[in-house]
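See below for the structure under consideration.
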Amino acid sequence: MDKFIIEGNTVLKGEVEISGAKNAAVAIIPATLLVNGITTLENVPNISDVKILCEIMKKLGAKISWISEHSLKIDTTHINSTNAPLDMTSKFRASYYLIGALLGRAKRAQVGLPGGCNLGARPIDQHIKGFEALGAEVDVSQGKITATTKKLVGAPIYFDVVSVGATINLILASVLAEGTTVLDNVAKEPHIVDVANFLNSVGADIRGAGTDTIKINGVTALNGNHTYSVVPDQIETGTFMCAAMASHGDILIKNCIPEHMDSLTAKIIEMGGEVDIKDDTIRVKYNNVINPVNIKTAPYPGFPTDLQPQLGVVLSLANGTSIINEGIWESRFQYTAELNKMGAKITAQGTTAIFEGVEKLVAAPIYASDLRAGAALLIAGIIADGETQLYNIHYIDRGYEHIEEKFKKLGAKISRISNYDDYAN
Ligand code: EPZ
């Protein structure tokens, strides 16, 4: 296990380059199972979720190699198994995309029940309902999901809840199905549009990604020997925007897509921060005040749940009381207990948290409970008085590439202690 030791009181200043989007990459890599031949993916984040996914793809028979730091060459010509290793797939959430992709390719998939961050109940009933509507039989037992069919036939599917995972999974399962699939009440996140763009670039016929309804006309094959670049990470961009405000800093964020950030940009301006947007850069500058604001997380284009903890750190330092209402995950306030150890005044009950702003956070031993909580607590350690020990940083490594290097370039003082043993002395 690794931990961070963070010397605090830092005002973050300088430039940072955003990596490719985790939640797009973990869907596009399984999507290559639908392609005949070789796909080259560029701007792939070098993070642990991507590495595990590559190992699983290799077990299925794919040939995968990193041809540069951020480029993956994936050859799916010789896929020889539809059984994804249960121990590996149950380690992380995005393994559910292997069901849609394998079903689309081979009409059969067996995957461990997906794991992932502990954010509360994470059902997959909408995925299953969709696969069944296309003609698959789905069995969930003994910790695994098995989906089989003789053929997939396009169908209308109305989702009861707006789900990122179910939307992408049903796109994957239907691109090679016979006839037309119409997905209604879908999610509209930038990574959904990116998955559709990738599949269309290799010959799929997907229309409407980014709106409430997606229409997929099945095609007979997708053609490889193609290069595609993954979209920049919306959540990493927002993490640095929040870090600029929380640290009273000034950060120029490069290689991002500013319009993906509209909901956060609006809140930063409401808080009194300065935001300067150019083509693919955003500069966020603290302007001597953090006004309290209220937010409610919601599917895109609403405020992203994956940025709620990072904004929570900013609001713990606002000049007054703010309220956050979490609209997606019931257990996303676990980080507030850690911030309270650092002197924050947050009362979290159910899906609502009240933040009474304080002047300063102070260092404490703190524990990340999930990926975005980890990012938020890292920001808290960077700005707090004193030396913070941040544990469970393997969560952060799942989704942020070279996070401590990026923050160090902005002035943070962070050391990674690898394989520590706290009881050694
Ligand atoms: C994706 O999770 C992301 N993960 C999450 O990011 C993100 O928090 C979430 O979308 C919401 O934006 C990946 O993309 C790999 P959902 P996902 O299906 O697909 C309910 C991060 O930190 N629901 O959109 O699992 C569900 O309980 C991670 O990067 C059902 O009821 O989320 C939740 O309340 C954490 N039935 C809501 O829908 C279903 O079948 C949204 O979940 C599916 C979902």
Side-chain angles (χ1 to χ4, degrees), residues 19-31 45 47-50 52-53 89 91-100 113-133 138 140 145 157-173 183 185-195 230-231 233-239 260 263-264 296-310 325-332 334-335 351 368-376 394-401 403:
S19 300
K22 167 183 98 92
N23 288 342
V26 296
I28 294 174
I29 293 168
I47 51 177
S48 68
D49 269 10
V50 163
I52 296 176
L53 192 49
T89 45
K91 269 189 195 149
F92 79 120
R93 187 78 187 158
S95 57
Y96 51 35
Y97 293 136
L98 294 164
I99 311 171
L113 272 176
C117 287
N118 171 23
L119 306 171
R122 298 186 76 175
I124 54 162
D125 55 301
Q126 299 301 305
H127 304 234
I128 293 171
K129 164 178 137 166
F131 297 141
E132 288 175 342
V138 184
V140 183
I145 305 165
I157 299 168
Y158 184 91
F159 293 113
D160 303 331
V161 292
V162 175
S163 161
V164 170
T167 302
I168 293 179
N169 233 341
L170 268 298
I171 292 176
L172 296 175
L183 306 177
N185 196 27
V186 296
K188 296 178 277 204
E189 270 67 5
H191 31 289
I192 287 167
V193 177
D194 206 37
V195 174
V230 176
V231 73
D233 197 306
Q234 175 205 22
I235 305 302
E236 189 193 14
T237 305
T239 300
H260 291 169
S263 60
L264 176 59
K296 179 166 173 36
T297 66
Y300 189 83
F303 192 94
T305 175
D306 291 348
L307 285 173
Q308 188 259 97
Q310 301 88 317
N325 199 277
E326 171 57 43
I328 311 288
W329 300 119
E330 64 203 23
S331 305
R332 204 146 216 183
Q334 295 173 72
Y335 71 96
T351 53
S369 54
D370 61 72
L371 166 59
R372 308 304 172 186
H394 59 279
Y395 284 120
I396 308 178
D397 293 333
R398 289 185 46 190
Y400 289 91
E401 182 180 58
I403 184 108

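Both counts, for ligands and for their atoms, begin at 1 and track the order of listing. Here, residue 1 is the first one in the sequence, and each next residue gets the next number.
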Check contact between Ala187 and ligand 1, using heavy atoms of the residue and a distance below 4.0 angstrom. no
Less than 4.0 Å is my threshold; does some heavy atom of Tyr96 fall inside it relative to ligand 1? yes
On a heavy-atom basis, I'd like to know which of Val164, Asp370, Asp49 is closest to atom 10 (O) of ligand 1. Val164
Restricting to heavy atoms, the pick from Ser163, Gly327, Pro304, Pro123 nearest atom 39 (C) of ligand 1 would be Pro123
Parallel, tilted or perpendicular: ring planes of Tyr300 versus His260, cut at 30 and 60 degrees: perpendicular
Tell me the closest heavy-atom pair linking [X] and [Y], and the distance in Å.
X      : Y      : result
Tyr400 : Gln310 : OH-NE2, 3.3 Å
Ser369 : Gln334 : OG-CB, 3.5 Å
Ala368 : Gly374 : CB-CA, 3.5 Å
Ser19  : Pro45  : CB-CB, 4.4 Å

For a side-chain hydrogen bond (donor to acceptor under 3.5 Å, both in side chains) check, start with the C-alpha distance between Asp160 and Gln126, then their side-chain angles and the critical distance, and finish with the verdict. CA-CA 7 Å; Asp160 303 331; Gln126 299 301 305; 3.2 Å; yes
With a cut-off of 4.0 Å, which atoms of ligand 1 are near a heavy atom of [X]?
X      : value
His127 : 40 (O)
Leu371 : 22 (O), 29 (O)
Gly165 : 18 (O), 19 (O)
Lys22  : 21 (C), 29 (O)
Arg93  : 25 (O)
Ile124 : 39 (C), 40 (O)
Gln126 : 36 (N), 39 (C), 40 (O)

Apply the test salt bridge (charged side-chain N to carboxylate O under 4.0 Å, His left out) to residues Asp306 and Lys22: give CA-CA distance (whole Å), side-chain angles for both, the deciding distance (0.1 Å), then the verdict. CA-CA 12 Å; Asp306 291 348; Lys22 167 183 98 92; over 6 Å; no
Quick one: do Thr305 and Glu326 satisfy side-chain hydrogen bond (donor to acceptor under 3.5 Å, both in side chains)? Show the steps, please. CA-CA 7 Å; Thr305 175; Glu326 171 57 43; 2.9 Å; yes
Would you kindly specify which portion of [X] sits under 4.0 Å from ligand 1, judged on non-hydrogen atoms: side chain, backbone, both or neither?
X      : value
Trp329 : side chain
Arg332 : side chain
Ile328 : both
Ala166 : neither

Does any N/O atom on Asp306 come nearer than 3.5 Å to any N/O atom on ligand 1? yes
Approximate separation, where rounding is to 0.5 Å, of Ile396 CD1 and Glu401 CD: 14.5 Å
Is there a salt bridge (charged side-chain N to carboxylate O under 4.0 Å, His left out) between Asp49 and Arg93? Walk through the geometry before answering. CA-CA 9 Å; Asp49 269 10; Arg93 187 78 187 158; over 6 Å; no
